[in-house]
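Only this structure's heavy atoms are used, side chains among them; waters, hydrogens and symmetry mates stay out. What you see is a predicted model, and the numbers here were worked out from it, not measured in a lab.
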Amino acid sequence: MTDKIKRGFEGEGLAIAFLENKGYRLRAKNYRHKRSEIDLIMERGSWLVFVEVKTRSSVTFGYPEDFVDDKKANKIMEGAENYIIENNWEGNVRYDVVAVTLRKDGPEIVHFEDAFY
């Protein structure tokens, strides 16, 4: 397993704990549909939240959230549409980004709600 993959798994674990601490419940992790992958699908009240987790070890080349471009957002929305249909979800839907920076003095986690609009 490469360092990049390990860092990604670590970031996802930190993001799950962070969101669960805020009252979210994990519904799915690494959901795939065709060419789309959604890191986390969380639920909170009447909201279904599709979460892209970006993890970096430093911000030397940019903040983690800077690496979620329109192409990535569109792929996530395509997969989300399929998940919504598969699960007959009739509540609210939102797309969030959780940016994790693994600093030497501990991780920094920033949650961007409704990040694609």
Side-chain angles (χ1 to χ4, degrees):
M1 185 181 299
T2 67
D3 287 343
K4 182 178 178 180
I5 292 171
K6 288 178 188 175
R7 187 171 44 249
F9 283 137
E10 182 179 357
E12 285 178 0
L14 290 166
I16 291 168
F18 177 84
L19 292 169
E20 286 178 338
N21 192 46
K22 291 176 74 173
Y24 292 80
R25 181 179 67 83
L26 180 66
R27 285 185 61 132
K29 183 177 176 183
N30 300 320
Y31 173 80
R32 292 180 185 274
H33 173 71
K34 294 184 180 179
R35 299 187 70 181
S36 172
E37 181 190 350
I38 301 170
D39 294 329
L40 306 175
I41 302 173
M42 309 293 288
E43 183 178 347
R44 184 175 178 200
S46 65
W47 287 90
L48 188 63
V49 183
F50 297 91
V51 181
E52 174 67 9
V53 180
K54 283 296 181 190
T55 307
R56 295 287 182 265
S57 55
S58 77
V59 295
T60 303
F61 298 106
Y63 292 96
E65 63 272 18
D66 295 338
F67 295 89
V68 182
D69 59 12
D70 289 341
K71 182 178 177 182
K72 181 67 173 175
N74 288 329
K75 290 288 183 204
I76 291 168
M77 288 188 276
E78 286 173 19
E81 184 176 328
N82 188 73
Y83 184 90
I84 290 164
I85 292 167
E86 276 182 356
N87 292 275
N88 198 29
W89 180 262
E90 295 182 4
N92 299 305
V93 174
R94 193 176 74 216
Y95 302 92
D96 291 3
V97 171
V98 173
V100 180
T101 305
L102 302 172
R103 301 182 183 277
K104 291 181 182 178
D105 58 345
E108 177 184 358
I109 302 172
V110 182
H111 181 195
F112 297 91
E113 293 184 7
D114 219 6
F116 295 173
Y117 296 103

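Under the 4.5 Å side-chain heavy-atom criterion for grouping Ile, Leu, Val, Met, Phe, Trp and Tyr, Phe9 is not connected to Val98 through any hydrophobic cluster. Cluster annotation: Phe67 and Met77 are assigned to distinct hydrophobic clusters (Ile/Leu/Val/Met/Phe/Trp/Tyr, side-chain heavy-atom contacts under 4.5 Å, transitive).
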Report task. Could you check Ile16 against Lys29 for side chain to side chain contact (heavy atoms under 4.5 Å, CB included), going step by step and ending with a plain yes or no? Result -> CA-CA 9 Å; Ile16 291 168; Lys29 183 177 176 183; 4.1 Å; yes
Requested in this report: Check the pair Asn92, Leu48 against side chain to side chain contact (heavy atoms under 4.5 Å, CB included), reporting the backbone distance first and the verdict last.
Outcome: CA-CA 6 Å; Asn92 299 305; Leu48 188 63; over 6 Å; no
Report task. Show your working on side chain to side chain contact (heavy atoms under 4.5 Å, CB included) between Glu52 and Lys72 and close with a plain yes or no. Result -> CA-CA 9 Å; Glu52 174 67 9; Lys72 181 67 173 175; 3.2 Å; yes
Query raised in the report: Checking side chain to side chain contact (heavy atoms under 4.5 Å, CB included) for the pair Phe112/Lys54: CA distance, chi angles, key distance, verdict?
Result: CA-CA 11 Å; Phe112 297 91; Lys54 283 296 181 190; over 6 Å; no
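Under the 4.5 Å side-chain criterion, counting only non-hydrogen atoms from C-beta, His33 is not in contact with Tyr83. For the pair Glu12 and Asn30, the minimum side-chain heavy-atom distance is below 4.5 Å. Within the 4.5 Å cutoff, the side chain of Val97 has heavy atoms near those of the Phe116 side chain.
With hydrogens and angles ignored, the 3.5 Å screen pairs a side-chain donor or acceptor of Asn74 with a backbone N or O of Asp70. A donor-acceptor pair under 3.5 Å links the side-chain atoms of Asp96 to the main chain of Asp114, judged by distance alone. Distance alone, capped at 3.5 Å, places no donor-acceptor pair between the Ser57 side chain and the Leu102 backbone.
Within a 6.0 Å radius of CD in Glu113, other residues, nucleotides and ligands contribute more than 12 heavy atoms. Residue Arg25 places its CZ atom among more than 12 non-hydrogen atoms of other residues, nucleotides or ligands, all under 6.0 Å distant.
Looking at every heavy atom in both residues, Lys75 comes nearest to Arg35 through CD-O, 4.0 Å. For Ala15 against Val53, the heavy-atom pair with the smallest separation is CB-CG2, 3.8 Å. Here the closest non-hydrogen pair linking Val93 and Trp47 is O-CZ3, 3.4 Å. For Ile38 against Ala80, the heavy-atom pair with the smallest separation is CD1-N, 3.4 Å. Taking both residues in full, the closest heavy atoms of Lys22 and His111 are given as NZ-ND1, 2.8 Å, listed atom of the first, atom of the second, then distance. For Gly11 against Val100, the heavy-atom pair with the smallest separation is O-CG2, 3.9 Å.
In this pair, Tyr95 and Phe50 present their aromatic rings parallel. The plane angle is below 30°, not in the 30 to 60° band.
Expressed to the nearest 0.5 Å, how far OH of Tyr24 lies from CD1 of Ile41 amounts to 14.5 Å. Between the CG atom in Leu19 and the CG atom in Leu26 there is a gap of 9.5 Å [rounded to 0.5 Å]. Atom CD in Glu108 sits 14.0 Å away from atom CZ in Arg56 (nearest 0.5 Å). Atom OG1 of residue Thr101 and atom CD of residue Glu65 lie 7.0 Å apart, to the nearest 0.5 angstrom.
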